[in-house]
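To start, the structure under review is shown below, and the notes come after it.
Residue numbering restarts at 1 for every chain, and letters A, B, ... go by the order of the sequence lines.
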Number of protein chains: 2
Amino acid sequence: MGESCAPAGGVAAAATDTVGATAAEGLAASWPARVRGLAGWLVNKTAVHSHRLTAEAFTAVGGRRFHYALLASLEEFGSSSQADLGRHCGFDRSDVATMVNELVQAGHVERAQDPADRRRNIIAITPAGRSRLADFDVVAADLQDVFLAPLDTEERAELISLLTRVLEHHTALHGFAREPHPGA
Amino acid sequence: MGESCAPAGGVAAAATDTVGATAAEGLAASWPARVRGLAGWLVNKTAVHSHRLTAEAFTAVGGRRFHYALLASLEEFGSSSQADLGRHCGFDRSDVATMVNELVQAGHVERAQDPADRRRNIIAITPAGRSRLADFDVVAADLQDVFLAPLDTEERAELISLLTRVLEHHTALHGFAREPHPGA
DNA sequence: TGCCAACGTTGGTGTCGCCAACACTAACAA
DNA sequence: TTGTTAGTGTTGGCGACACCAACGTTGGCA
């Protein structure tokens, strides 16, 4: 890429002129071209904002990031083993154990041994959990709006579609944590 | 969303039937609709794959994730203070200190006090650093291809464009770490 | 001269993704 | 019936990362 020269005795003025830019337009110009052209770099940096916004939003209503995914999974797919919960939501089964404990403690799910297979626990959402999920739905909708604020409806759908395909691809190849998968 | 019923005495068969799906097509159907429609969730999950792939790729050539961004920034924008390096690359200045130490140690950058402002260090890329950057360029190109494998050229450009706009938006609002910004 | 802010450093924290190891349980083949 | 393999859940733990406070030095400005 183009090489710039620092003036004698100091920092390149052009660099400092753009680094502090506050207008969103052209802000990417202050990031190195090599990395701002990398989807991985963009995804990682964007995820940091998403993570912070999500944590703030759910903490504000006394929730945790993973609560939504787990409750949503139970609501949609019905009662589930912890292992399957992890598969639906992309969580390691050791983390699921801790998360489920928290939701049981909160009364939002209940756990019972599967009489058909005593290796498994059956996790079910409770009425309180359903109520909680409805609360989270509002949080999630606001969050989506905030997170995708610079995009219109069509662009939002496009971003979600492209990300989904990339995530499907890599999930198929790698799986979520600690799962057997083809090619392993 | 649609409610499914677990059969008496066990886990809902439909759920387990789709959880283990290995074909990428429709894999998203195994994720709760509430979350798979959230860009934030998708970005976070995709970032986990990106992070792993990036770490693996750079580690394989004896590098670290942040090496590329820092060297790229110095190459493109010229010598820079540590604070400006952090601004260009989205790193906290305390982390930049550690990263620069590592690059100095490796001989890929050199550090000198700014005679014009003794608060600042001037960080410059070295010939060895330029050579290293060229190595990383190859790694990054391969990485991009692997990461965006399921997308064609136009879709890749679209994803990068959309992510860039979202990242610009949130960077403008929030900044990278520990920076004054409008509305703070 | 005093105040405010920038820079760089040090030390530290909390979260997260991931993993090993183990005990229990189930399915299946010999 | 026995041994093997694998699934499930739990516990304990690790490394990376993003983030922050606090401090000393330096510079700009009123």
Side-chain angles (χ1 to χ4, degrees), chain A residues 10-11 16 19-20 44-56 58-59 64-66 69 80-87 89-102 104 111-123 170-171 174-180 184, chain B residues 10-11 16 19-20 44-56 58-59 64-67 69 80-87 89-102 104 111-123 171 174-180 184:
Chain A
V11 179
T16 57
V19 171
N44 286 333
K45 289 296 186 185
T46 306
V48 171
H49 289 284
S50 167
H51 184 287
R52 186 190 69 256
L53 289 169
T54 303
E56 284 172 3
F58 280 97
T59 299
R64 297 280 299 280
R65 286 160 48 80
F66 56 83
S80 173
S81 69
Q82 291 179 201
D84 275 347
L85 257 184
R87 288 184 191 101
C89 302
F91 295 131
D92 186 83
R93 59 177 194 274
S94 62
D95 299 327
V96 172
T98 304
M99 297 169 180
V100 165
N101 285 341
E102 209 171 299
V104 166
R111 169 163 44 205
Q113 192 177 44
D114 186 349
D117 185 337
R118 289 199 306 282
R119 288 175 293 182
R120 293 173 160 166
N121 291 329
I122 297 291
I123 311 300
H170 289 289
T171 304
H174 182 267
F176 288 133
R178 285 208 279 191
E179 285 294 299
Chain B
V11 180
T16 57
V19 171
N44 287 333
K45 290 297 188 186
T46 307
V48 171
H49 288 286
S50 168
H51 184 284
R52 188 190 68 256
L53 290 168
T54 305
E56 284 171 3
F58 279 99
T59 300
R64 295 281 299 277
R65 287 161 45 82
F66 56 82
H67 288 165
S80 174
S81 68
Q82 288 179 203
D84 276 347
L85 258 184
R87 289 185 190 99
C89 301
F91 295 131
D92 187 83
R93 60 180 191 273
S94 63
D95 298 328
V96 173
T98 305
M99 298 167 180
V100 164
N101 287 341
E102 209 171 299
V104 167
R111 171 165 40 205
Q113 191 176 47
D114 186 348
D117 185 337
R118 288 197 306 281
R119 290 176 293 183
R120 292 173 159 165
N121 292 330
I122 297 292
I123 312 299
T171 303
H174 181 268
F176 288 132
R178 285 209 281 189
E179 287 293 299

How many Å lie between [atom1] on [X] and [atom2] on [N], as a whole number?
{"X": "B:H174", "N": "D:dA18", "atom1": "NE2", "atom2": "C1'", "result": "10 Å"}
{"X": "B:D92", "N": "C:dG11", "atom1": "CG", "atom2": "P", "result": "16 Å"}
{"X": "B:R64", "N": "D:dG15", "atom1": "CZ", "atom2": "P", "result": "12 Å"}
{"X": "B:E56", "N": "D:dA16", "atom1": "CD", "atom2": "P", "result": "14 Å"}
{"X": "A:E102", "N": "D:dG9", "atom1": "CD", "atom2": "P", "result": "18 Å"}
{"X": "A:D114", "N": "D:dT8", "atom1": "CG", "atom2": "P", "result": "11 Å"}
{"X": "B:M99", "N": "D:dA16", "atom1": "CE", "atom2": "C1'", "result": "11 Å"}

(message) Please find the pair of heavy atoms, one from A:Q82 and one from A:V96, that lie closest to each other, and give the distance.
(response) O-CG1, 3.6 Å
(request) Return the 5'-most residue of the pair B:R52, A:R118 with respect to DNA chain C, ranking by each residue's nearest nucleotide. (result)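 Per heavy-atom nearest nucleotide, the more 5' residue is B:R52.
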Test of understanding: with side chain to side chain contact (heavy atoms under 4.5 Å, CB included), list the residues that count as partners of [X], not counting sequence neighbours.
{"X": "B:D95", "result": "B:D92, B:M99"}
{"X": "B:R119", "result": "B:D117"}
{"X": "A:T46", "result": "A:F147, B:V43, B:L163, B:V166, B:L167"}
{"X": "A:E102", "result": "A:R64, A:F66, A:H67"}

(message) Going by salt bridge (Lys or Arg N to Asp or Glu O under 4.0 Å), name the residues that satisfy it together with B:R118, two or more places apart in sequence or in a different chain.
(response) none
Please enumerate all protein N or O atoms sitting under 3.5 Å from an N or O of nucleotides 7-9 of chain C, with distances to 0.1 Å.
{"residue": "C:dC7", "atom": "OP1", "partner": "B:R120", "partner atom": "NH2", "Å": "3.2"}
{"residue": "C:dC7", "atom": "OP2", "partner": "B:R87", "partner atom": "NH2", "Å": "2.5"}
{"residue": "C:dC7", "atom": "O3'", "partner": "B:R119", "partner atom": "O", "Å": "3.3"}
{"residue": "C:dG8", "atom": "OP1", "partner": "B:Q82", "partner atom": "N", "Å": "3.3"}
{"residue": "C:dG8", "atom": "OP1", "partner": "B:N121", "partner atom": "N", "Å": "2.7"}
{"residue": "C:dG8", "atom": "OP1", "partner": "B:N121", "partner atom": "O", "Å": "3.2"}
{"residue": "C:dG8", "atom": "OP2", "partner": "B:Q82", "partner atom": "N", "Å": "3.3"}
{"residue": "C:dG8", "atom": "OP2", "partner": "B:A83", "partner atom": "N", "Å": "2.6"}
{"residue": "C:dG8", "atom": "O3'", "partner": "B:N121", "partner atom": "ND2", "Å": "3.2"}
{"residue": "C:dG8", "atom": "N7", "partner": "B:R93", "partner atom": "NE", "Å": "3.3"}
{"residue": "C:dT9", "atom": "OP1", "partner": "B:R111", "partner atom": "NH1", "Å": "3.2"}
{"residue": "C:dT9", "atom": "OP1", "partner": "B:N121", "partner atom": "ND2", "Å": "3.4"}
{"residue": "C:dT9", "atom": "OP2", "partner": "B:Q82", "partner atom": "OE1", "Å": "3.1"}
{"residue": "C:dT9", "atom": "OP2", "partner": "B:Q82", "partner atom": "NE2", "Å": "2.5"}

(request) Can you figure out which of D:dC17, C:dC19, C:dT15 approaches the side chain of B:H51 most closely? (result)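 Among the listed nucleotides, the one closest to the side chain of B:H51 is D:dC17.
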